[in-house]
Amino acid sequence: MKKGSGSAVSRLLSPSSLSHGAQQLESLRLFLSRAQRRRAALSADAFPPFLAACRSFPSLASQTHALALKYAADLHPATATALLDLYGRRGLLRDALRVFDEMPLRDPIAWNALLSCFLRQGLAADALSTFRRMTEDGVAFTGATLSAALKACASLRAVRLGKQIHARAIREGDDSLITSTSLIDFYSACGLIQNAFDVFAGVDCDKDAAIHNSLISACVKNRRFEEAFSILGSATPNAVALTCAFSVCSRSSNPHYGKQAHCAAIRHGFDSDTTLCNAIVDMYAKCGELSSARLAFERIHRKNVVSWTSIIEAYGSHGHGVEAWNLFKKMEEEESSNGLSPNAVTFLSVLSACGHSGLVDEGRESFFAMRNKYGIDPGPEHCSSFIDLLGRAGRIEEAWHLYGELSRRSSKKLTSAVCVAMLNACRANMDLARGEQVAEHLLELGDSNPASYILLSNFYAAAGKWERAESLRRAMRNRQLKKEVGNSQFV
DNA sequence: TTAGGGTTAG
């Protein structure tokens, strides 16, 4: 492959060629087979665009992987960074780290790519320790570095460090839109909405959509719905802003503005945007308009896992477990050929739908399919949902068996939510002996949720252990734990 | 030549 072949690969990615997916894939295959024969093809100008193109064609990944690992140590920084980024996007953290570790020269962009890699995996603490390493090693920061570090701080609610980064940005005169947008996100995630407004006020952002949207999102997250509407009204409509609008309506259960926003989305031609359409489905569902939600779902051209999960959740939460289950089966049938499969959130919605409609066999089938069919390890939230389902259906033995496995195998999964589900199951089935064991576990976990105390206290009262019940109530008063208004699911 | 700000499901 000659020098300059990178631009040829870049042309493959031009918008005009995107409609010719098959042709593009064929060209990429050709590039790859040549590269396998001649190492020269891994030159810096050719390989990065090829790797970027691979994001759209996972079928090329395994060959690329073998090829890249073979030459990883000799890669040009740009090529290595593109490779690291590709691994990161595919969730292959180990491979990404290997590429990074073997890089003889790391520029700030390579470090930034590593930060993004951790953040994509939800490893905010690793991102922050990498950020500290950059500081110690004297690596130059870019806007993307600060932005990534702020994202990590937001996710860990690391207020102090985030504020230090803000101070550093001010010291260095960094008032870029990227840094400011990340600052708004960081402050909003930490509940410091006024700081978010202050950052926004200090930026000249007349024409920038992202920073407006960031502030709208900040208002939504902090339940400042009126202000969110007001900023929405003053900004130019774009797909992300409208998606935020639907989110405001969902969270405030106010479909009035949502219908207008829906019309605006159609008028502006945003109705082919899957993310936006998913928000529409959710908005109608949360506002109780299930048939509109279904209609909006059916009209989505390219459904993704969120589209399916939203509609399954919609039916489940409205007590239509059978339809939720049918949709889940339909998803499996129709979408597996498109490489689309349910994820952990989908299974939570399915389990909850089954639990609320007494679909025990279906719930069990989905719980075991998670690991056996899809390779997803059920988390504590899935286990507690399944235990809850079994308890409601009177299957206390099966629930107890699963609970026992969780407490023996991995104590990490024995969360207070799991204990609460098991305790509810014991109470509903009048199994006081087992309930007492679970109650002990719950106390050992040191849970500070007042609802758990009330549940425990009621449990002891039901068992005729009045002294125990009273002492728990006392402990609750002493610790000044108060039951939240409206939080009566356990009592 | 590689990274990088705002949006959707629990």
Side-chain angles (χ1 to χ4, degrees), chain A residues 3 6-7 9-10 43-52 75-86 88-89 99 103 106-117 119 141-151 176-186 188 203 205 208-218 220-221 235 238-248 250 270 273-283 285-286 297 300 304-314 316-317 342-353 379 381-382 385:
Chain A
K3 192 169 164 52
S7 57
V9 181
S10 297
S43 66
D45 67 327
F47 212 43
F50 171 75
L51 290 168
L75 295 177
H76 184 277
T79 308
T81 304
L83 185 62
L84 156 63
D85 180 60
L86 180 67
R89 285 174 199 270
V99 172
M103 284 176 78
R106 298 175 190 126
D107 59 11
I109 299 178
W111 284 92
N112 292 346
L114 182 66
L115 290 175
S116 297
C117 201
L119 289 171
F141 289 174
T142 73
T145 319
L146 294 187
S147 164
L150 285 165
K151 249 187 192 170
S176 67
L177 288 171
I178 292 183
T179 306
S180 304
T181 308
S182 304
L183 278 167
I184 291 176
D185 259 16
F186 157 72
S188 122
V203 176
C205 54
D208 192 73
I211 201 155
H212 272 102
N213 293 336
S214 175
L215 192 66
I216 294 166
S217 166
V220 178
K221 284 177 196 152
N238 57 64
V240 177
L242 283 170
T243 307
C244 289
F246 297 123
S247 172
V248 187
S250 296
F270 297 138
D273 180 320
T274 302
T275 302
L276 179 142
C277 292
N278 293 342
I280 293 174
V281 173
D282 185 58
M283 185 260 306
K286 295 270 166 49
F297 168 77
I300 301 177
N304 63 18
V305 66
V306 179
S307 321
W308 284 97
T309 305
S310 302
I311 196 70
I312 291 170
E313 173 66 26
S317 60
N343 65 16
V345 183
T346 317
F347 281 107
L348 261 188
S349 295
V350 172
L351 282 165
S352 155
E381 62 280 21
H382 299 96
S385 185

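Chain letters run A, B, ... following the sequence lines, proteins first, then strands; residues in each count from 1. Below, all heavy atoms of this structure are taken into account, side chains as well, without hydrogens, waters or symmetry copies. All figures in this text were calculated on a predicted structure; none of them were measured in a lab.
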Worksheet item: Name the one of A:Thr142, A:Thr81, A:Asp107 that satisfies side-chain hydrogen bond (donor to acceptor under 3.5 Å, both in side chains) with A:Asn112?
Response: A:Thr142
Practice prompt. Round to a whole Å and report the spacing from CG of A:Asn304 to C1' of B:dA9.
Written response: 9 Å
Worksheet entry | A:Ile211, nearest nucleotide to its side chain (from B:dT8, B:dG10, B:dG5) | B:dG5
Practice prompt. Kindly indicate whether the side chain of A:Asp208 and the base of B:dG5 share any N or O donor-acceptor pair separated by less than 3.5 Å?
Written response: yes
Worksheet item: Between A:Thr275 and A:Asn278, is any side-chain donor less than 3.5 angstrom from a side-chain acceptor?
Response: no
Worksheet entry | Ring centre gap for A:Phe141 and A:Trp111 strictly below 6.0 Å | no
Discussion item. Taking only side-chain N and O atoms of A:Lys151, does any of them lie within less than 4.0 angstrom of OP1 or OP2 on B:dA3?
Written reply: no
Discussion item. Which heavy atom of A:Asp208 sits nearest to which heavy atom of A:His212, and what is that distance?
Written reply: O-ND1, 3.0 Å
Worksheet item: Which of these nucleotides, B:dT2, B:dA3, B:dT7, is closest to any side-chain atom of A:Thr275?
Response: B:dT7
Worksheet item: Given B:dG6, is OP1 or OP2 found less than 4.0 Å from the side-chain N or O atoms of A:Lys221?
Response: no
Worksheet item: Closer than 4.0 Å, any side-chain N/O of A:Arg89 to the OP1 or OP2 of B:dT2?
Response: no
Discussion item. By nearest atom, which of the nucleotides B:dT2, B:dG6, B:dG4 is closest to the A:Ile178 side chain?
Written reply: B:dG4
Discussion item. Checking contacts here: which listed nucleotide (B:dT1, B:dG10, B:dT8) is nearest the side-chain heavy atoms of A:Ala78?
Written reply: B:dT1
Item to complete: Could you check which of B:dT8, B:dG10, B:dT2 has an atom nearest any side-chain atom of A:Val306?
Response: B:dT8
Item to complete: Whole angstrom is fine here: how far is it from CD1 in A:Ile280 over to P in B:dA9?
Response: 13 Å
Discussion item. Tell me the interatomic distance from A:His382, atom NE2, to B:dA9, atom P, rounded to whole angstroms.
Written reply: 16 Å
Worksheet, complete the sentence: Closest to the side chain of A:Asn112, out of B:dA9, B:dG6, B:dA3, is B:dA3
Discussion item. Check this one for me: any side-chain N or O of A:Ser217 less than 4.0 Å away from OP1 or OP2 of B:dT7?
Written reply: yes
Practice prompt. Return yes if the base of B:dA9 and the side-chain atoms of A:Asn343 contain a donor-acceptor N/O pair under 3.5 Å, otherwise no.
Written response: yes
Worksheet entry | Among B:dG4, B:dG6, B:dT8, the one nearest A:Asp85 by side-chain distance | B:dG4
Worksheet item: Where is the tightest heavy-atom contact between A:Ala285 and A:Ala314, given as atom of each residue plus distance?
Response: CB-CB, 3.5 Å
Discussion item. Checking contacts here: which listed nucleotide (B:dG6, B:dG5, B:dT8) is nearest the side-chain heavy atoms of A:Asn238?
Written reply: B:dG6
